[in-house]
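These notes concern the structure reproduced below.
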Amino acid sequence: MFAPAVVQPDQEFAIRVLPVDGYSYNAATGYQGQADTIATDGLEVPEHVTLDQTKSQTGATIPAKANQEGIHRVTVVDPDTGIAGKSNPIGAGFLPDRSVYFGEMHSQMWHSQGTGTTTEFFEWGRDVAGLDFCAPANHYKMRFEIVDDVWQEVVDTSNAFNDPHMFVTLVSHEWGTGNRNGHKNIYHRGDSAEFICSFGPGGMTPDELWEILKGRDALTIPHHTKFGNVTNWDYHNYKHQRLVEICSSWGISETGGPHSVQRALAMGHRIGFIGGTDSHHGLANQGSFFVDDGNGLACVVATELTRDAIWQALNERRCYATTGDRILLDFSMNGAPLGTDLDVDLAQYGPREFTMRVAGTYRIDSVELLRNNEVVFQAYPDSDVWEGAWTDTDPLAALVLQPTFPDDRPFVCYYLRVTQGNRQMAWASPIWLTDRKR
């Protein structure tokens with residue numbers, strides 16, 4: 001079941017119900033039946049939904065309306081077979097002027113290292129995975145030499161599937177060589193882009209990549225930072241490298257050693273968090289080498305579901321990562337949202353009040369607030385919904401991290417980590433306090 005993550009009270013919206021098989025969530029082709037609907041108090045839905053997959057394999061939609069603020073959910077049950085499905089959390093009034101959109105930003109198709117076509121990737125993401133946005137990130141030259149026709153097909157297909165307010169796509173590809181500088185996925189804001197080849201004599205350094213992208217609206221997002229071809233965090237670029245893929249089929253890169261995300265944060269990288277799969281099946285949000293293995297989601301807090309709004313929210317680091325479940329999350333400090341870098345006088349800046357809200361897909365085991373990579377607050381909700389606040393009154397002057405890069409200043413960094421009882425996790429993009437120039 002796919003429902004909007006954020007709605008407003010008394011706003012009518014649609015929930016899609018899709019019968020799938022038990023192996024890899026393929027859309028069922030022959031199912032026919034009527035399911036009963038069960039909704040939380042304050043959410044209006046029809047009592048039943050009729051499905052006929054012999055006529056349409058995209059399921060059915062039911063109208064819904066929340067009569068009161070809060071977290072709502074809908075369950076559908078076929079009483080004859082016992083088949084059931086449950087929606088993601090629906091936050092009525094959860095955010096006043098933005099919504100949360102779920103996307104897959106990293107998959108491989110046949111022309112790189114995976115299977116399937118670009119068309120099949122987008123069709124799966126839209127029709128079966130029920131995602132809001134998708135971006136292929138093919139790592140070319142692994143199977144074929146990249147040629148103009150191959151790249152143009154990706155660009156043209158991405159643009160053909162881009163449907164504002166319904167399903168958004170981004171033009172993208174993976175960059176990276178074997179020279180131990182790591183791999184980065186490049187995401188463009190517009191509907192056209194130049195393919196940037198990272199192969200050749202001596203390869204290409206990240207600085208050379210960013211020089212090519214200078215003046216362009218493009219994000220370069222490192223992934224599997226501590227696995228395989230690890231990320232070299234000595235390279236930094238505040239304009240283009242604003243995010244990191246913190247989890248994927250490779251594992252979780254948050255902690256552990258010189259190539260981890262925490263190491264990058266301690267050095268002064270201003271990177272927000274997204275998740276991805278690096279799927280080699282060409283199936284968005286469907287694992288990589290095995291089904292249900294290594295899922296990851298990019299969860300974007302944007303003003304609307306358009307290509308420009310999604311890209312802008314990513315650029316602002318208004319996003320968070322999950323290991324695949326559609327967890328609903330909000331995180332702010334003194335009213336500043338996740339991803340913010342505040343220019344302040346660290347010697348004079350006062351208490352920091354953090355507001356945290358989580359609606360899980362399962363029981364929430366822990367919510368942790370980390371300051372400079374150390375846990376300073378913990379809660380153990382033992383519930384699928386939790387909200388709380390905590391104020392940090394410690395003087396900032398004694399907490400600051402010294403800059404690694406010459407164009408940086410002393411700073412303090414906070415981020416949020418959520419762990420559910422089903423082992424699914426979420427990470428909110430950090431909030432930074434950076435010492436003001438004197």
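Note that the structure is a prediction, hence the values are computed from the model and not measured.
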Report the C-alpha distance between D156 and Q152 in whole Å, list the side-chain angles of each, state the deciding distance to 0.1 Å, and finish with yes or no for side chain to side chain donor-acceptor pair (under 3.5 Å).
-> CA-CA 6 Å; D156 291 345; Q152 194 58 47; 2.8 Å; yes
Given F405 and H269, is the ring-ring contact (aromatic ring centres under 6.0 Å, His included) satisfied, shown in steps?
-> CA-CA 9 Å; F405 306 110; H269 287 273; 5.0 Å; yes
Between Q424 and T323, is a side chain to side chain donor-acceptor pair (under 3.5 Å) present by the stated rule, with each step listed?
-> CA-CA 6 Å; Q424 292 283 316; T323 48; 2.9 Å; yes
Worked check of side-chain contact (heavy atoms from CB on, under 4.5 Å) between T169 and F133 | CA-CA 6 Å; T169 67; F133 65 95; over 6 Å; no
N88/D325 under side chain to side chain donor-acceptor pair (under 3.5 Å): CA gap, chis, key distance, verdict = CA-CA 8 Å; N88 52 282; D325 277 17; over 6 Å; no
Applying side-chain contact (heavy atoms from CB on, under 4.5 Å), run through V412 and L401 and close with a yes or a no.
-> CA-CA 6 Å; V412 178; L401 297 176; over 6 Å; no
Under the side-chain contact (heavy atoms from CB on, under 4.5 Å) criterion, do R357 and F94 qualify, and how do the steps go?
-> CA-CA 9 Å; R357 295 186 293 162; F94 193 79; 3.7 Å; yes
I would like to know whether T306 and E304 meet side-chain contact (heavy atoms from CB on, under 4.5 Å); could you show each step before the answer?
-> CA-CA 6 Å; T306 63; E304 60 180 359; 3.4 Å; yes
For the pair R318 and Q312, evaluate side chain to side chain donor-acceptor pair (under 3.5 Å) and give the outcome as yes or no after the intermediate values.
-> CA-CA 9 Å; R318 294 288 294 269; Q312 183 60 33; over 6 Å; no
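Residues A284 and G125 come closest through the heavy atom pair CB-CA, 3.8 Å. Here the closest non-hydrogen pair linking F2 and V128 is CZ-O, 3.2 Å. Counting all heavy atoms, side chain and backbone alike, M109 lies closest to T117 at CG-O, 3.6 Å. Among all heavy-atom pairs drawn from V168 and N162, the shortest one is CA-OD1, 3.4 Å. Between F411 and P403, the shortest heavy-atom distance links the atoms CE2-CA, 4.4 Å. What you find for G93 and P9 is that their closest heavy atoms are N-CD, 3.8 Å.
The aromatic rings of Y414 and F354 sit tilted, their planes meeting at an angle between 30° and 60°. Using a 30° and 60° split on the angle between ring planes, F161 and F167 fall in the perpendicular class, above 60°.
Counting only heavy atoms from C-beta outward, the side chains of H236 and R270 never approach each other to under 4.5 Å. Contact of the K184 side chain with the P222 side chain is registered, since non-hydrogen atoms from C-beta on lie closer than 4.5 Å. Residues I196 and L213 form a side-chain contact, since some pair of their non-hydrogen atoms from C-beta on lies under 4.5 Å apart. Residues P430 and C413 are in side-chain contact: their nearest non-hydrogen atoms beyond the backbone lie under 4.5 Å apart. A 4.5 Å side-chain heavy-atom check between W124 and N26 finds at least one atom pair inside the cut-off. Side-chain contact between W390 and M356: present, with at least one pair of heavy atoms (C-beta onward) separated by less than 4.5 Å. Residues R417 and M425 have side chains in contact (heavy-atom distance under 4.5 Å, counting atoms from C-beta outward). Considering only heavy atoms from C-beta on, L328 comes within 4.5 Å of I71 through its side chain.
Side chains of T434 and D341: a donor-acceptor N/O pair is present below 3.5 angstrom, by distance only. Side chain to side chain, D278 and Q108 meet the donor-acceptor criterion of an N or O pair below 3.5 Å. Defined by atom type and a distance below 3.5 Å, a donor-acceptor pair is missing between the side-chain atoms of H223 and S248. Side-chain contact check for E174 and S112: no donor-acceptor pair (N or O, by modelled atom type) lies under 3.5 Å. For the residue pair E104 and T277, a side-chain donor N or O sits within less than 3.5 Å of a side-chain acceptor on the partner. A donor atom on one side chain and an acceptor atom on the other are found under 3.5 Å apart for Y187 and N185. A side-chain donor from one of W210 and T220 sits under 3.5 Å from a side-chain acceptor of the other.
Using modelled atom types, no side-chain atom of R126 and backbone atom of L131 make a donor-acceptor pair closer than 3.5 Å. Judged purely by atom type and a 3.5 angstrom limit, R16 has no side-chain atom pairing as donor or acceptor with the backbone of T61. Using modelled atom types, one side-chain atom of T404 and one backbone atom of M267 make a donor-acceptor pair closer than 3.5 Å. Side chain of T340 to main chain of A336: no donor-acceptor pair is present (N/O by atom type, distance under 3.5 Å, no hydrogens or angles). In this structure a side-chain-to-backbone donor-acceptor pair under 3.5 Å is missing from S56 to Q53. Distance alone, capped at 3.5 Å, places no donor-acceptor pair between the E211 side chain and the E208 backbone. In terms of modelled atom types and a separation under 3.5 Å, the side chain of T303 and the main chain of R98 share no donor-acceptor contact. D365 places no side-chain N or O within 3.5 Å of a backbone atom of T419 that could act as its donor or acceptor partner. When atom types are taken as modelled, the side chain of T231 and the backbone of W233 share no donor-acceptor pair closer than 3.5 angstrom. Without hydrogens or angle criteria, Q420 side chain to T361 main chain gives a donor-acceptor distance under 3.5 Å.
Residues satisfying the ring pair (Phe, Tyr, Trp, His ring centres under 6.0 Å) test with F121, not counting sequence neighbours, are none. Shown here are the ring pair (Phe, Tyr, Trp, His ring centres under 6.0 Å) partners of Y415, two or more places apart in sequence or in another chain: F273. By the ring pair (Phe, Tyr, Trp, His ring centres under 6.0 Å) test, W427 pairs with no residue at all, sequence neighbours left out.
Around atom CG of D148, no more than 12 heavy atoms belonging to other residues, nucleotides or ligands sit under 6.0 Å away.
Ion pairing between R352 and D394 fails under the 4.0 Å rule for side-chain N and carboxylate O. Residues R73 and D384 are paired through a salt bridge, judged by an N-O separation under 4.0 Å between the basic side chain and the carboxylate. The residues R216 and E194 are annotated as salt-bridged, a charged nitrogen and a carboxylate oxygen being separated by less than 4.0 angstrom.
In this structure, CG on L338 lies 10.5 Å from SG on C299, to the nearest 0.5 angstrom. Put simply, CD on E316 and CH2 on W311 are 9.5 Å apart, with the number rounded to the nearest 0.5 Å.
Screening T322, I364, V100 against I327 for a side-chain contact (heavy atoms from CB on, under 4.5 Å) leaves a single residue, T322. Checking each of V230, I271, V244 against T225 for a side-chain contact (heavy atoms from CB on, under 4.5 Å) leaves exactly one that passes, namely V244. In summary, of the residues considered (H139, H183, H259, H106), a ring pair (Phe, Tyr, Trp, His ring centres under 6.0 Å) with H224 occurs for H183 alone.
Taking the six-membered ring for Trp and the full ring otherwise, the centers of W151 and H173 sit less than 6.0 Å from each other.
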